[in-house]
Amino acid sequence: MTDPTTDNAGRSGDPGAARASLEALRAEIAKAVVGQDPAVTGLVVALLCRGHVLLEGVPGVAKTLLVRALASALELDTKRVQFTPDLMPSDVTGSLVYDTRTAEFSFQPGPVFTNLLLADEINRTPPKTQSSLLEAMEERQVTVDGTPRPLPDPFLVAATQNPVEYEGTYPLPEAQLDRFLLKLTVPLPSRQDEIDVLTRHASGFDPRDLRAAGVRPVAGAADLAAARAAVAETTVSPEITAYVVDICRATRDSPSLTLGVSPRGATALLATSRAWAWLTGRDYVIPDDVKALALPTLRHRVQLRPEAEMEGVTADSVINAVLAHVPVPR
């Protein structure tokens with residue numbers, strides 16, 4: 001059950017109470033997931049920015065558990081879709097079904113009609129089905145038989161993919177990657193974190209029963225609405241705006257890239273920087289906020305040259321080099 005003080009304060013639109021509820025959300029997820037604080041923070045930032053998240057990591061690092069824990073800690077509707085090669089677009093968006101009693105077609109909503117959609121192993125389904133999410137992610141609606149149907153608010157797609165197993169997968173096209181606000185890497189845990197994971201399992205932790213693990217709803221739609229309103233009031237100086245633009249333009253001139261960050265990417269970096277500034281207790285953005293969110297916001301929006309990739313260059317290393325060379329406003 002949600003803490004009544006948090007819930008009432010969130011409904012009254014108190015930004016301080018909304019921030020406290022989202023801090024509690026991060027702590028609640030930690031009851032189920034050990035040592036993935038950056039990924040948890042990224043999911044919270046995405047919720048504040050009305051964005052979507054791509055989680056990338058090898059099997060067994062709790063990507064799915066992370067999203068399930070987020071859903072359990074929020075008073076929001078959630079659904080999970082396991083993406084497979086035989087999945088059809090209508091399996092995600094819904095379809096028209098003929099009712100023999102009324103002799104009419106009626107729309108049967110698909111799992112995309114939810115607040116939090118877990119798209120598990122999204123790169124295992126063909127492009128046709130992947131593209132069925134494009135309209136939902138960008139327009140917050142689904143069009144079936146020429147009729148647009150709005151999705152609930154809030155709406156977030158959290159997709160997972162495995163970066164090392166490519167057989168039988170379909171890499172996401174650039175247009176769809178660009179629709180994800182953040183690409184979060186979920187690394188292998190440290191030795192101590194792995195010990196903590198095993199200790200929890202030895203004590204009876206069951207990842208399929210998060211309620212038994214003590215994960216409870218601590219925030220809801222009202223808290224998110226209050227938080228988003230506060231983030232929208234966060235001040236961005238002209239110098240910070242120019243700094244974001246200079247970073248993104250510098251990626252377009254990088255000799256290691258065939259594709260730099262688009263203006264949509266610059267807009268995304270500004271939005272995530274504002275959300276992070278507000279989460280850390282400030283009502284204005286500083287250069288460190290931009291630097292903190294540059295990697296997760298931009299790493300999937302650039303494309304490496306094949307020769308650079310063969311030399312071991314990564315998207316993260318290119319962005320870090322850009323951050324080191326672009327002058328920081330004072």
Side-chain angles (χ1 to χ4, degrees), residues 1-12 14-55 57 61-81 111 114-120 152-160 181-182 184 186 189 193 196-197 200-201 203-231 272 275-276 278-281 296:
M1 185 129 182
T2 304
D3 180 2
T5 54
T6 300
D7 188 54
N8 292 338
R11 292 180 195 285
S12 68
D14 181 0
R19 185 186 289 115
S21 69
L22 292 178
E23 286 294 335
L25 176 67
R26 295 162 69 186
E28 204 69 17
I29 296 173
K31 294 179 180 179
V33 181
V34 177
Q36 299 293 357
D37 292 338
V40 173
T41 300
L43 284 167
V44 174
V45 167
L47 283 168
L48 291 175
C49 298
R50 300 177 184 269
H52 309 288
V53 176
L54 182 62
L55 293 164
V61 291
K63 299 186 298 295
T64 303
L65 179 60
L66 177 61
V67 180
R68 288 181 53 242
L70 174 68
S72 295
L74 284 168
E75 283 189 315
L76 299 176
D77 183 45
T78 181
K79 290 185 175 68
R80 176 179 180 270
V81 178
T114 186
N115 296 122
L116 177 58
L117 177 68
L118 171 56
D120 223 348
D153 184 43
F155 172 69
L156 180 143
V157 174
T160 70
L181 180 73
L182 299 171
L184 305 174
V186 185
D193 286 340
D196 291 344
V197 170
R200 289 188 182 189
H201 279 265
S203 301
F205 171 73
D206 183 359
R208 291 172 291 276
D209 188 0
L210 295 178
R211 290 303 175 107
V215 180
R216 298 288 184 270
V218 294
D223 301 298
L224 285 175
R228 287 168 174 173
V231 169
T272 55
W276 177 241
W278 180 81
L279 274 175
T280 52

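Computation of the quantities below employed the complete heavy-atom set of this structure, encompassing side-chain atoms and omitting hydrogens, waters and symmetry-equivalent molecules.
- With respect to Leu47, the side chain to side chain contact (heavy atoms under 4.5 Å, CB included) criterion is satisfied by exactly one of Val53, Asp223, Leu70: Leu70.
- At a threshold of 4.5 Å between non-hydrogen side-chain atoms, the residues Asp77 and Lys79 count as touching.
- Taking the charged nitrogens against the carboxylate oxygens, Asp209 and Arg211 have no contact shorter than 4.0 Å, which rules out a salt bridge.
- The backbone N or O of Ala213 sits nowhere less than 3.5 Å from a side-chain atom of Lys31 that would complete a donor-acceptor pair.
- Side-chain contact between Leu55 and Thr64 is absent, with no heavy-atom pair separated by less than 4.5 Å.
- Across all non-hydrogen atoms, the minimal contact from Ala221 to Pro154 is CB-CD, 4.1 Å.
- Under the 4.5 Å side-chain criterion, counting only non-hydrogen atoms from C-beta, Pro217 is not in contact with Glu28.
- Atom-to-atom distance recorded for Leu182:CG and Leu43:CG is 8.5 Å, nearest 0.5 angstrom.
- The distance from the CG atom of Leu184 to the OG1 atom of Thr41 is 9.5 Å, given to the nearest 0.5 Å.
- The structure places CZ of Arg19 at 8.0 Å from OG1 of Thr280, a figure rounded to the nearest 0.5 Å.
- In terms of heavy atoms, Val45 sits closest to Ala275 at CG1-CB, 4.0 Å.
- Asp120 CG to Arg80 CZ: the interatomic distance, rounded to the nearest 0.5 Å, is 4.5 Å.
- Of all heavy-atom pairs between Val215 and Ala73, the closest is CG1-N, 4.1 Å.
- Side-chain contact between Arg50 and Phe155 is absent, with no heavy-atom pair separated by less than 4.5 Å.
- Expressed to the nearest 0.5 Å, how far CD1 of Ile29 lies from CG of Leu66 amounts to 6.0 Å.
- The heavy-atom pair separating Ala32 from Phe205 by the smallest distance is O-CZ, 3.8 Å.
- Put simply, CG on Asp196 and NE2 on His201 are 11.5 Å apart, with the number rounded to the nearest 0.5 Å.
- The two residues Leu181 and Cys49 have their closest heavy-atom pair at CD2-CB, 3.6 Å.
- Closest heavy-atom contact between Glu23 and Leu279: OE2-O, 3.8 Å.
- The side chain to side chain contact (heavy atoms under 4.5 Å, CB included) test with Leu224 singles out one residue from Asp153, Asn115, Leu76, and that residue is Leu76.
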